[in-house]
Amino acid sequence: MNNANTILPNMLEWAVTRAGHDYQVYLEEHDNVRKWALGEKKPTLKQLEDFAHTLHVPLGYLFLAEPPREEMPIPMFRRVNDRLNIDIYDTVNILHDRQEWLRQYLMQVNGEELQFVAVHNQNDNPTNVCATMRQVLSLPIDWATKLATTEEALNRLAGVMEEKGVIVNFNSIVGSNNHRTLSVEDCRGFALADKYAPFIFVNSKDAKAAQLFTLAHEFAHLLIGYSAGLGDMDIQNTPATERLCDDVAAEFLMPKALFDILWRAFPEDFVSISRKSKVSRYVVARCAKDYGYITQQEYWQYYQQWQQEPQPVKKGTGGDFYINTIRRMSRTFLLYVNSALSSNQILHTEAYRLTGLKGDTYRKVFNSQYIYG
């Protein structure tokens, strides 16, 4: 480790490029950093703290002689995958840290293993995996058609999963940092499989129908016991495991028996079937292909046509702070943390660290009308 406030140029370059910036451009725009790199000036501790905070790098790393080896804790399949995305990296690690704590906590309070996690493997037939999914969640094939909106379907499915012991997180930022957003292209969602505390993350910036599909897809990951995440992918180059989970999600959300009924009621009307079933047009077309109603060529024609359409811009409305906080961290997880705190199994500092909430804000969240459902 170097002397106080002495940062080697290679560590400056690493910190800048790690955050996704062009190093030379960054030096041109930040004269102080340029002078540090050339040895013309030494940074103050406060300057280094600000630098580390801005680039989302642990301060202590800057004093190393060589960059630490950092790898994504789980496979993350996305179209652009040539460098570490620190926003996804930090998000996965935040949830992994919570998972590690929750596993230990549940084991201490005699929590039981969840029998459905890893009950299948990556080589199993999608129909068999889907049958297990339907059995575990105890939902009839037409459950979503009985709900008015896709959002209701999304909340219903997430609620059932949480009742079964899954921690479901809906978020589109890193932790609670509104300045660090997660793009849908880089991360639609991921699953962290665990027998005691399985976690699912869904990017809440995505369209509701897409979130519904992601939620089902990630639950399939839990059933096969394989932790992984997914962003935008070239559909023709999707890895085998992701195709399996896609197949399971499609069959779960749109089983053939239901599709046959809807297709007869709305023949070749992808929009009406989508609204009724709460899945996207893409899933409807995929099922039409899989169930023999349209050809592979027709499917690709629809797919490419819809890909060319301008995508609606999702405008954030802010929403209620307490509702957003609970959805971001999961009501179930928050209640576990508060239970551990109330029974003196953890200190306030640990509860604050696990939730990212502090003092009065923590108290207000747990006094809100939404925390107990």
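From a predicted model like this one, the values you see are computed outputs, not experimental measurements. Residue numbers start at 1 and run along the sequence shown. In what follows, every heavy atom counts, from backbone to side chain, and hydrogens, waters and symmetry copies are set aside.
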Which heavy atom in [X] sits nearest to a heavy atom in [Y], and how many Å separate them?
X: Val168; Y: Phe170; value: CG1-CE1, 3.6 Å
X: Arg18; Y: His56; value: NH1-O, 3.0 Å
X: Ala144; Y: Lys278; value: O-NZ, 3.0 Å
X: Met76; Y: Gly189; value: CE-O, 3.9 Å

Ring centroid separation [X] to [Y] under 6.0 Å:
X: Tyr291; Y: Trp263; answer: no
X: Phe259; Y: Tyr293; answer: yes
X: Phe333; Y: Tyr105; answer: no

(message) Among Tyr299, Trp306, Trp300, which residue satisfies the ring pair (Phe, Tyr, Trp, His ring centres under 6.0 Å) criterion with Tyr302?
(response) Trp306
(message) Here's a test for you: under ring pair (Phe, Tyr, Trp, His ring centres under 6.0 Å), which of Tyr303, Phe270, Phe213 qualifies with Tyr282?
(response) Tyr303
Look only at the side chain of [X] and the backbone of [Y], and say whether a donor-acceptor pair between them is shorter than 3.5 Å.
X: Thr145; Y: Ser277; result: no
X: Lys205; Y: Ser172; result: no
X: Gln99; Y: Leu192; result: yes
X: Asp87; Y: Arg180; result: no
X: Asn121; Y: Asp124; result: yes

(message) Please identify which of these residues, Asn338, Thr325, Thr355, Asn367, meets the side-chain hydrogen bond (donor to acceptor under 3.5 Å, both in side chains) condition with Tyr362.
(response) Asn338
(message) Could you check whether Asp247 pairs with Arg243 (Lys NZ or Arg NE/NH1/NH2 to Asp/Glu carboxylate O, under 4.0 Å)?
(response) no
(request) Decide, yes or no, whether a salt bridge links Glu49 with Lys46 under the criterion of side-chain N to carboxylate O below 4.0 Å. (result) no
(message) For Ser343 and Gln345, which I'm curious about, is there any donor-acceptor pair between the side chains at under 3.5 Å?
(response) yes
(message) For the residue pair Tyr226 / Glu242, report whether a side-chain donor-acceptor contact shorter than 3.5 Å exists.
(response) no
(request) Would you indicate whether Arg353, at its atom CZ, is surrounded by more than 12 heavy atoms from other residues, nucleotides or ligands within a distance under 6.0 Å? (result) yes
(message) Taking NZ in Lys289 as the centre, count heavy atoms belonging to other residues, nucleotides or ligands within less than 6.0 Å. Is the count above 12?
(response)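 Yes.
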(message) Any heavy-atom pair between the side chains of Asp246 and His217 that's under 4.5 Å?
(response)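 Yes. Closest side-chain heavy atoms under 4.5 Å.
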(request) Verify the cluster assignment for Ile371 and Tyr352: are they in a single hydrophobic cluster under the rule of side-chain heavy atoms below 4.5 Å apart? (result)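 The answer is yes; both residues are in one hydrophobic cluster.
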